[in-house]
Amino acid sequence: MINSLKVNNIEVKINHKIEGLEQPIKDTISDLIQKWFENKLDTYLKKYVDENNKEVHLNLLVEKTSKWTYNWNFNLKVGNENVIYKREWFENVLDLVNHFFTHCKEEFSKK
């Protein structure tokens, strides 16, 4: 799982705790996160990041339940903006990543 990436000279720091997922799924989640930041959120990052501190923080907690569903807690901090997204008992782990980033785009577009 990636711990950081650079997008438009902005450092994206990723803190994660992932429980119960196999390495190939973790790798796919990392790829999705990177693609979303580089291709979909890059313009929002430039708009909302603090010029004096070009860091963005993504915290995520993922746990697989005993019923083969997933509980998620995402928190994305960009400048003064904070997007929180929590879901429980979600069945498709990869769809959840896409839902989170779609939610982020919607939140940033409102402002």
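Just so you know, these numbers come straight off a predicted model, no measurement behind them. Hydrogens, waters and symmetry mates are skipped; everything else that's a heavy atom, side chains included, is used.
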*Decide side chain to side chain contact (heavy atoms under 4.5 Å, CB included) for Asn8 and Thr43; before the verdict, give the C-alpha distance in whole Å, the side-chain angles of both, and the deciding distance to 0.1 Å.*
CA-CA 9 Å; Asn8 294 334; Thr43 54; 6.0 Å; no
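With contacts defined as side-chain heavy-atom distances shorter than 4.5 Å, the pair Ile10/Phe37 does not qualify. At least one side-chain heavy atom of Leu21 sits less than 4.5 Å from a side-chain heavy atom of Ile29. Using a 4.5 Å heavy-atom cutoff, the side chains of Asp50 and Asn80 are not in contact. Side-chain contact between Ile25 and Tyr70: absent, with no pair of heavy atoms (C-beta onward) separated by less than 4.5 Å. Contact annotation: the side chain of Phe74 never approaches that of Val83 to less than 4.5 Å [non-hydrogen atoms, C-beta and beyond]. The closest side-chain heavy-atom distance from Asp95 to Phe90 is below 4.5 Å. Counting heavy atoms from C-beta outward, Glu81 and Tyr44 have side chains that stay 4.5 Å or more apart.
Summarising the geometry, atom NZ belonging to Lys46 is positioned 9.5 Å from atom NZ belonging to Lys54; distances are rounded to the nearest 0.5 Å. To the nearest 0.5 angstrom, Ile33 atom CD1 is 3.5 Å from Met1 atom CE. For the atom pair His57 NE2 and Leu76 CG, the distance stands at 10.0 Å (nearest 0.5 Å). Once rounded to the nearest 0.5 Å, the distance linking CG of Asn75 with CG of Asn82 reads 4.5 Å. One distance of note links CG of Asn73 with CD1 of Ile84; it measures 7.5 Å at 0.5 Å rounding. Going from atom CZ of Phe101 over to atom CG of Leu96 covers 11.0 Å, rounded to the nearest 0.5 Å.
Applying the side-chain contact (heavy atoms from CB on, under 4.5 Å) test to Lys110 and every residue at least two apart in sequence or in another chain returns Glu107. Applying the ring pair (Phe, Tyr, Trp, His ring centres under 6.0 Å) rule to Tyr48 yields the partners Phe108; only residues at least two apart in sequence or on another chain are considered.
Side-chain atoms of Lys77 come within 3.5 Å of backbone N or O of Gly79 as a donor-acceptor pair. A donor-acceptor contact shorter than 3.5 Å links the side chain of Ser109 to the backbone of Lys105.
Counting all heavy atoms, side chain and backbone alike, Ile2 lies closest to Ser30 at N-OG, 3.1 Å. The two atoms that bring Val7 and Glu38 nearest to each other are CG2-CG, 4.0 Å, heavy atoms only.
The environment of CG in Asn53 is crowded: more than 12 heavy-atom neighbours from other residues, nucleotides or ligands sit within 6.0 Å. Summarising the local packing, NZ of Lys86 is surrounded by 12 or fewer heavy atoms from other residues, nucleotides or ligands at distances under 6.0 Å.
Residue Asn71 is tested with Lys64, Glu63, Arg87 for a side chain to side chain contact (heavy atoms under 4.5 Å, CB included); the sole match is Glu63.
Leu60 and Leu5 fall within the same hydrophobic cluster, where Ile, Leu, Val, Met, Phe, Trp and Tyr residues are linked whenever their side-chain heavy atoms come under 4.5 Å apart, directly or through other members. In the hydrophobic clustering of ILVMFWY residues, with side-chain heavy atoms under 4.5 Å counting as a link, Leu61 and Leu94 come out apart.
Applying the side chain to side chain donor-acceptor pair (under 3.5 Å) test to residues at least two apart or on different chains, the pairs with a partner in residues 14-27 are Asn3-His16, Asn15-Asn59, Lys17-Glu19, Gln23-Asp27.
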